[in-house]
Amino acid sequence: MSAQFILYLLIGFVLLEALVSGILSWLNGTWMSHPIPKVLEGLYDEEKYQKQQAYMKENRRVGRIESIVSTVITVALLASGAFGWLDNLFKSMTPSVYGQICLFALFLQLFCTVVELPFSYYSTFVIEERYGFNKTTHRTFWLDLLKGFMLSFVLTAGLVCIIYWLYDKIGDGFWLWATGVCVVLIVFFSLFYSNLIVPLFNKQKPLEQGELRTAIEGALQAMGCRFKDIYVIDGSKHSTKANAYFTGFGPKKRIVLYDTLIEQLTTDEVVAVLSHEVGHYKHHDTLKTMFSSIVTVGVYLYVFSLMVSSPLLPEALGGTAPSFVLSMVAFSQLLTPIQLILDPLMNCVSRKAEYAADRFATKHGHGEGLISGLKKLSAHALSNLTPHPAFVWFSYSHPTLAQRITAILENQKQQ
Ligand SMILES: [Zn+2]
């Protein structure tokens with residue numbers, strides 16, 4: 001295999017990914033005017049349905065332009081050997097490999113931010129604003145961008161520096177130790193996500209005493225669950241869209257409700273949504289996700305260890321000397337087709353877990369509340385009621401609203 005061949009492969013993968021997502025998005029568009037499933041009839045009146053269709057069209061248009069722009073830029077960077085040129089530039093700036101890693105991470109981060117910025121800005125302040133979803137102020141937008149940038153830079157550069165240090169000290173077997181470091185980080189961030197990351201972007205406080213708290217505590221007891229940590233997060237700082245999630249494990253587990261969820265749903269509906277989250281907890285879904293990310297990282301690092309000392313990867317990116325960073329950039333690009341297979345598989349697993357959590361809520365008598373709650377949330381968010389099945393299979397982490405309601409009704413009948 002020659003470096004030239006690897007370069008063609010890398011470019012081919014970028015184009016393949018763009019092609020797959022383009023076809024899926026096109027297929028999804030062809031189903032926009034399909035008849036609405038029976039269980040969802042009446043969710044939108046005619047005027048709101050027109051609004052939903054227009055909202056979806058605008059989002060698809062922006063998504064398409066963003067995909068074309070990022071594909072063209074990535075291919076240009078690969079084909080021109082720009083990465084190799086940058087590698088030489090950073091090497092001339094500092095002899096330290098750690099310094100070079102930091103400079104490269106900074107460049108990639110800056111580059112991605114600059115490419116994505118016009119699209120996220122337009123999406124937030126034009127599209128979301130026009131449809132009444134946006135609550136983000138300009139100050140919040142820029143501050144979040146800065147915080148996200150710093151966080152991502154520190155984590156990426158730090159992790160790659162640690163992996164390089166292990167490679168430098170241990171040699172070929174470094175992947176096992178690097179996986180160990182990743183396990184520690186994954187467990188650490190799962191435990192402390194709510195304490196360390198969330199406060200950077202949102203405020204959360206325990207759910208106050210009152211009717212809702214009493215209803216929730218009663219429901220939790222009935223589900224055989226002693227859960228003290230129920231928090232409310234100020235989702236309304238960013239958007240009117242509502243959500244709830246379960247996070248952490250062991251002593252750090254907590255259920256988080258968006259303030260917008262409490263605003264939009266009745267007490268029964270909030271309790272139903274929460275019981276779905278309890279279902280995730282009872283089924284150990286957080287631990288399963290954590291375990292599968294650990295296995296994926298371990299396999300990736302092992303395969304990387306087989307390729308890291310080959311001069312072909314840096315050469316393919318235009319490098320003129322062995323380079324750990326270039327090898328890593330090339331390797332991450334080579335993962336594209338694997339990710340194209342893994343993503344839909346992970347989504348299949350995730351949809352199964354969602355059905356199971358809905359089943360759990362239904363079993364505990366919250367089927368009705370869940371159906372009306374989900375309907376309200378979807379109607380408010382102008383959700384697409386007729387996504388294409390291929391698009392759903394590939395990219396939906398949750399079953400469609402119609403699928404969920406049908407399954408809940410079916411579960412209720414069987415009880
Ligand atoms: Zn869920």
Side-chain angles (χ1 to χ4, degrees), residues 39-40 190 193-194 197-198 202 204 207 216 219-220 222-225 227 229-233 235 239 241-249 252-262 264-293 343-381 383-385 387 391-412:
V39 284
L40 299 181
S190 288
Y193 172 74
S194 290
I197 310 291
V198 178
N202 284 94
Q204 7 170 36
L207 177 63
I216 286 175
L220 286 174
M223 289 183 277
C225 198
F227 230 100
D229 289 333
I230 307 156
Y231 279 77
V232 180
I233 195 170
S239 165
K241 289 180 181 170
N243 205 351
Y245 63 90
F246 173 78
T247 173
F249 61 92
K252 285 291 180 186
K253 60 182 187 290
R254 66 167 67 168
I255 285 177
V256 182
L257 305 169
Y258 278 48
D259 54 356
T260 41
L261 186 92
I262 297 171
Q264 287 163 33
L265 302 190
T266 65
T267 301
D268 279 352
E269 289 162 349
V270 174
V271 169
V273 170
L274 179 124
S275 61
H276 166 98
E277 297 306 323
V278 173
H280 282 308
Y281 161 67
K282 288 275 183 182
H283 302 147
H284 308 295
D285 288 336
T286 312
L287 288 175
K288 287 177 195 163
T289 313
M290 222 165 71
F291 182 73
S292 70
S293 0
D343 282 346
L345 289 181
M346 296 298 247
N347 281 329
C348 280
V349 173
S350 164
R351 288 194 300 269
K352 278 222 165 70
E354 294 303 327
Y355 277 127
D358 280 350
R359 221 166 21 244
F360 178 88
T362 312
K363 201 174 88 187
H364 288 88
H366 300 295
E368 277 316 312
L370 197 54
I371 290 178
S372 62
L374 288 174
K375 275 185 170 176
K376 265 191 204 170
L377 295 177
S378 297
H380 177 83
S383 302
N384 178 16
L385 303 186
F391 190 81
V392 173
W393 187 81
F394 232 92
S395 44
Y396 268 46
S397 62
H398 287 58
T400 66
L401 181 60
Q403 286 172 327
R404 286 180 79 174
I405 293 179
T406 309
I408 294 169
L409 292 172
E410 201 53 45
N411 290 329
Q412 280 178 325

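In listed order, ligands and their atoms are each counted from 1.
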### Task
Go through the side-chain N and O atoms of Glu269 and Ser372 and say whether any donor and acceptor fall under 3.5 Å apart.
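Yes, a side-chain donor-acceptor pair sits under 3.5 Å.
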### Task
Compute whether any side-chain donor of one residue and acceptor of the other, for Gln403 and Thr406, lie under 3.5 angstrom apart.
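Not at all, the side chains of Gln403 and Thr406 share no donor-acceptor pair under 3.5 Å.
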### Whether Asp358 has an N, O or S atom under 2.8 Å from the Zn ion (ligand 1)
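For Asp358, the answer is no, given that no N, O or S atom comes within less than 2.8 Å of the Zn ion (ligand 1).
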### Query
When you measure from the side chain of Asn202 to the backbone N and O of Val198, does any donor-acceptor pair fall under 3.5 Å?
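Not a single qualifying donor-acceptor pair exists.
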### Message
Using the Zn ion (ligand 1) as the vertex, how large is the angle between NE2 of His276 and NE2 of His280, rounded to 10 degrees?
### Response
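Once rounded, the angle between the two atoms at the Zn ion (ligand 1) is 90°.
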### Name of the residue among Arg404, His366, Lys363 meeting side chain to side chain donor-acceptor pair (under 3.5 Å) with Asp358
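Looking at Arg404, His366, Lys363, the match for Asp358 under the side chain to side chain donor-acceptor pair (under 3.5 Å) is Arg404.
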### Query
In Glu354, what N, O or S atom is nearest to the Zn ion (ligand 1), if we give its atom name?
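Result: OE1.
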